[in-house]
Amino acid sequence: MAEKILMKTPLVEMDGDEMTRILWKMIKEELLLPFIDLKTEYYDLGLEYRNETDDQVTKDSAIATMKYGVAVKCATITPNAARVKEYNLKEMWKSPNGTIRAMLDGTVFRAPIIVKGIEPCVKNWEKPITLARHAYGDVYKNVEIVVPGVGKAELVFTAEDGTETRELIHNFTGAGIIQGMHNTDASISSFAHSCFKYALDTKQDLWFSTKDTISKKYDHRFKDIFQEIFDKEYKEKFEQAGITYFYTLIDDAVARVMKAKGGFIWACKNYDGDVMSDMVSSAFGSLAMMTSVLVSPSGVYEYEAAHGTVQRHYYKHLKGEETSTNSVATIFAWTGALRKRGEMDEIPQLCVFADKLEAATLGTIESGKMTKDLALITSLKDVTVLNSEEFIKEIRKTLEAML
């Protein structure tokens with residue numbers, strides 16, 4: 001066995017929930033610890049411990065990420081009413097991803113993992129489409145009221161000097177609901193800078209879309225800030241790099257995306273990005289084949305899989321039944337974080353290892369050995385369906401042959 005690769009600075013490791021938590025442990029034991037002297041600062045973001053610490057552990061993990069510069073995160077549960085009951089929670093804790101994004105002031109870039117034998121549903125897509133998702137505010141920081149009956153709802157802003165601005169929302173003649181959303185110029189500006197910088201880094205065109213025709217103040221603000229920053233700071237750089245930036249309505253963007261060849265970044269507001277990244281990744285083959293990295297304007301990176309905790313498989317696993325859960329995106333979260341750590345700390349062996357582990361993962365699939373979800377959609381013939389553990393062990397065999 002060759003010497004293990006040494007690390008200088010720890011990665012922030014954020015453990016998660018359900019089936020992805022099971023995979024997390026397998027990935028570390030089979031694919032990382034035998035080859036790397038793995039240094040991590042560990043935070044348990046499993047729902048039980050978040051509840052126990054009143055979600056302080058989530059905030060602590062974000063603070064540690066700012067300190068060390070690179071984090072890797074397992075998928076976590078965002079509780080709904082059913083989860084509150086199931087886990088006996090003190091309250092319905094917020095999305096950990098939302099909390100971390102807000103604290104890091106970052107933008108989430110998501111891109112499909114392309115592998116031979118998994119063809120996109122959209123026949124003309126040849127290159128990955130990267131989704132840039134604004135990571136603050138809107139629905140994720142909303143305030144909601146259930147309206148019991150007749151009454152008047154108003155939007156009120158009280159300035160520092162006490163003056164009030166009021167807008168009527170609705171005169172309720174019966175029960176209903178209200179939602180208040182906000183965003184900040186500072187956060188929208190950070191989002192714009194992150195997108196323009198990432199486009200220049202990856203030499204890809206950048207599209208940005210909102211619905212400013214309907215939301216004439218809220219969405220229009222996003223459009224204006226992007227344009228101002230682009231004209232002032234990035235226009236010439238984009239011209240020199242031979243790439244373009246343009247704004248369009250989200251419905252037009254959806255129509256264009258369907259006819260495009262790919263190879264560009266599509267920037268969206270928080271909720272749009274949440275939905276569209278799932279649409280794009282699913283159409284490229286599988287949600288389990290999507291990378292996700294949160295990039296802050298200060299250059300802090302947090303890598304994760306773009307999918308959830310695979311609850312259905314977890315319940316099967318608890319019953320002792322076999323599961324065939326795709327671990328590719330979770331593996332790529334680790335490789336992304338290790339590569340970035342290697343770049344920052346000038347440890348080329350760590351970057352090479354990350355590249356080889358990704359190649360071994362894709363090579364295993366391309367050799368016809370894969371999890372059930374991929375076997376159902378592959379164009380490869382006579383494939384072998386492996387269970388969760390077998391797939392990871394098969395990747396290890398491929399990796400060892402490469403190393």
Side-chain angles (χ1 to χ4, degrees), residues 5 7-17 20-21 23-25 27-28 31-33 36-47 49-50 53 55-78 93-111 132-136 140 190-191 194 197-198 201 277 290-309 327-347 350-351 353-354 357-358:
I5 299 164
M7 288 175 66
K8 296 175 189 171
T9 320
L11 284 176
V12 176
E13 178 188 349
M14 307 173 182
D15 209 344
D17 287 299
T20 40
R21 188 182 180 98
L23 296 175
W24 193 259
K25 192 164 178 279
I27 290 164
K28 281 173 71 179
L31 303 177
L32 304 176
L33 294 170
I36 304 169
D37 184 27
L38 193 64
K39 278 191 169 66
T40 72
E41 188 163 300
Y42 179 87
Y43 292 87
D44 185 357
L45 264 52
L47 194 46
Y49 194 64
R50 275 187 275 147
T53 62
D55 210 27
Q56 186 57 43
V57 66
T58 306
K59 293 166 193 151
D60 291 346
S61 71
I63 292 162
T65 303
M66 291 182 227
K67 178 182 170 185
Y68 292 111
V70 187
V72 58
K73 181 183 172 294
C74 184
T76 46
I77 293 166
T78 299
W93 303 111
K94 297 254 185 193
S95 153
N97 289 354
T99 301
I100 294 162
R101 281 178 207 134
M103 287 179 70
L104 297 184
D105 187 25
T107 294
V108 180
F109 294 92
R110 288 180 166 177
R133 174 182 170 189
H134 187 211
Y136 175 78
Y140 301 83
S190 292
F191 174 40
S194 294
K197 283 176 181 164
Y198 200 76
D201 281 351
S277 65
M290 188 89 165
T291 62
S292 182
V293 55
L294 177 72
V295 183
S296 83
S298 62
V300 169
Y301 296 78
E302 183 242 318
Y303 294 83
E304 60 180 328
H307 59 73
T309 57
S327 48
V328 173
T330 309
I331 293 167
F332 273 62
W334 274 103
T335 54
L338 289 166
R339 186 184 295 107
K340 184 53 72 177
R341 186 78 280 163
E343 284 170 15
M344 285 182 169
D345 292 353
E346 294 175 351
I347 308 170
L350 207 51
C351 301
F353 174 80
L357 178 49
E358 287 183 2

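Not measured: the values here are computed from a predicted model. Sequential numbering from 1 along the given sequence is applied to the chain's residues.
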> Roughly how far, to the nearest 0.5 Å, is the OG atom of Ser61 from the CD atom of Glu41?
Replying inline: 10.0 Å
> From Leu45 CG over to Trp93 CH2, what is the distance, rounded to the nearest 0.5 angstrom?
Replying inline: 13.0 Å
>> If you apply the rule side-chain contact (heavy atoms from CB on, under 4.5 Å), what do you find for Lys59 with Thr99, and how did you get there?
In response: CA-CA 7 Å; Lys59 293 166 193 151; Thr99 301; 4.3 Å; yes
>> For Thr58 and Met103: C-alpha separation, side-chain torsions, deciding distance, then whether side-chain contact (heavy atoms from CB on, under 4.5 Å) applies.
In response: CA-CA 10 Å; Thr58 306; Met103 287 179 70; over 6 Å; no
> Where do Cys351 and Arg339 come nearest, in terms of heavy atoms and distance?
Replying inline: SG-O, 3.5 Å
>> So that I can tick it off, tell me whether Asp15 and Lys28 are bridged by a salt bridge, with the cut-off set at under 4.0 angstrom between side-chain N and carboxylate O.
In response: no
> Could you state the interatomic distance from CE (Met66) to CG (Leu104), rounded to the nearest 0.5 Å?
Replying inline: 5.0 Å
> Do side-chain atoms of Asp345 reach the backbone of Thr9 as a donor and acceptor pair under 3.5 angstrom?
Replying inline: yes
> Below 4.5 Å, heavy atoms only, C-beta onward: do Thr291 and Tyr303 meet side chain to side chain?
Replying inline: no
> Given Lys73, which of Thr330, Leu294, Ile100 fulfils the side-chain contact (heavy atoms from CB on, under 4.5 Å) condition?
Replying inline: Ile100
> What residues, two or more places apart in sequence or in another chain, satisfy side-chain hydrogen bond (donor to acceptor under 3.5 Å, both in side chains) together with Tyr49?
Replying inline: none
> Taking only residues two or more places apart in sequence or in another chain, which ones pass ring pair (Phe, Tyr, Trp, His ring centres under 6.0 Å) with Tyr301?
Replying inline: none
> Does the pair Arg341 and Leu350 meet the rule for a side-chain contact (heavy atoms from CB on, under 4.5 Å), with working shown?
Replying inline: CA-CA 8 Å; Arg341 186 78 280 163; Leu350 207 51; 4.2 Å; yes
>> For a quick test of reading the model, state the closest non-hydrogen atom pair linking Met290 to Ser277 and the distance between them.
In response: CE-O, 3.5 Å
> Between atom OH of Tyr68 and atom OG1 of Thr40, what is the distance when rounded to the nearest 0.5 Å?
Replying inline: 10.0 Å
> Could you state the interatomic distance from OG1 (Thr65) to CG (Asp60), rounded to the nearest 0.5 Å?
Replying inline: 10.5 Å
>> Do Phe353 and Leu32 have side chains that approach each other closer than 4.5 Å (heavy atoms only, starting at C-beta)?
In response: yes
>> With a sphere of 6.0 Å drawn around NZ of Lys25, does it hold more than 12 non-hydrogen atoms of other residues, nucleotides or ligands?
In response: no
>> So, taking the atom named CG in Asn97 and the one named OG1 in Thr76, what distance separates them when rounded to the nearest 0.5 Å?
In response: 4.5 Å
> Is there a donor-acceptor contact under 3.5 Å linking the side chains of Glu358 and Thr335?
Replying inline: yes
> With sequence neighbours left out, what residues match Ser298 under side-chain hydrogen bond (donor to acceptor under 3.5 Å, both in side chains)?
Replying inline: Ser296
> Do you know the tightest heavy-atom contact between Arg110 and Arg101?
Replying inline: NH2-NH2, 4.2 Å
>> Before you tell me yes or no, could you show the steps for Leu338 and Val72 under side-chain contact (heavy atoms from CB on, under 4.5 Å), namely the whole-Å CA-CA distance, both residues' side-chain angles and the distance that decides it to 0.1 Å?
In response: CA-CA 9 Å; Leu338 289 166; Val72 58; over 6 Å; no
> Should the ring pair Trp24 and Trp334 be called parallel, tilted or perpendicular, given that the plane angle runs from 0 to 90° and is split at 30 and 60?
Replying inline: tilted
> Where is the tightest heavy-atom contact between Leu11 and Ala337, given as atom of each residue plus distance?
Replying inline: CD2-O, 3.7 Å
> Do Thr309 and Thr20 have side-chain heavy atoms sitting under 4.5 Å apart?
Replying inline: yes
>> What verdict does the salt bridge (charged side-chain N to carboxylate O under 4.0 Å, His left out) test give for Arg50 and Asp17, after you've listed the backbone C-alpha separation in whole Å, the side-chain angles of each residue and the deciding distance to 0.1 Å?
In response: CA-CA 11 Å; Arg50 275 187 275 147; Asp17 287 299; 2.9 Å; yes
> Do you know the tightest heavy-atom contact between Gly16 and Cys74?
Replying inline: N-CB, 3.3 Å
> Considering all heavy atoms of both residues, which atom of Phe109 and which atom of Ala132 are nearest to each other, and what is their separation?
Replying inline: CE2-CB, 3.6 Å
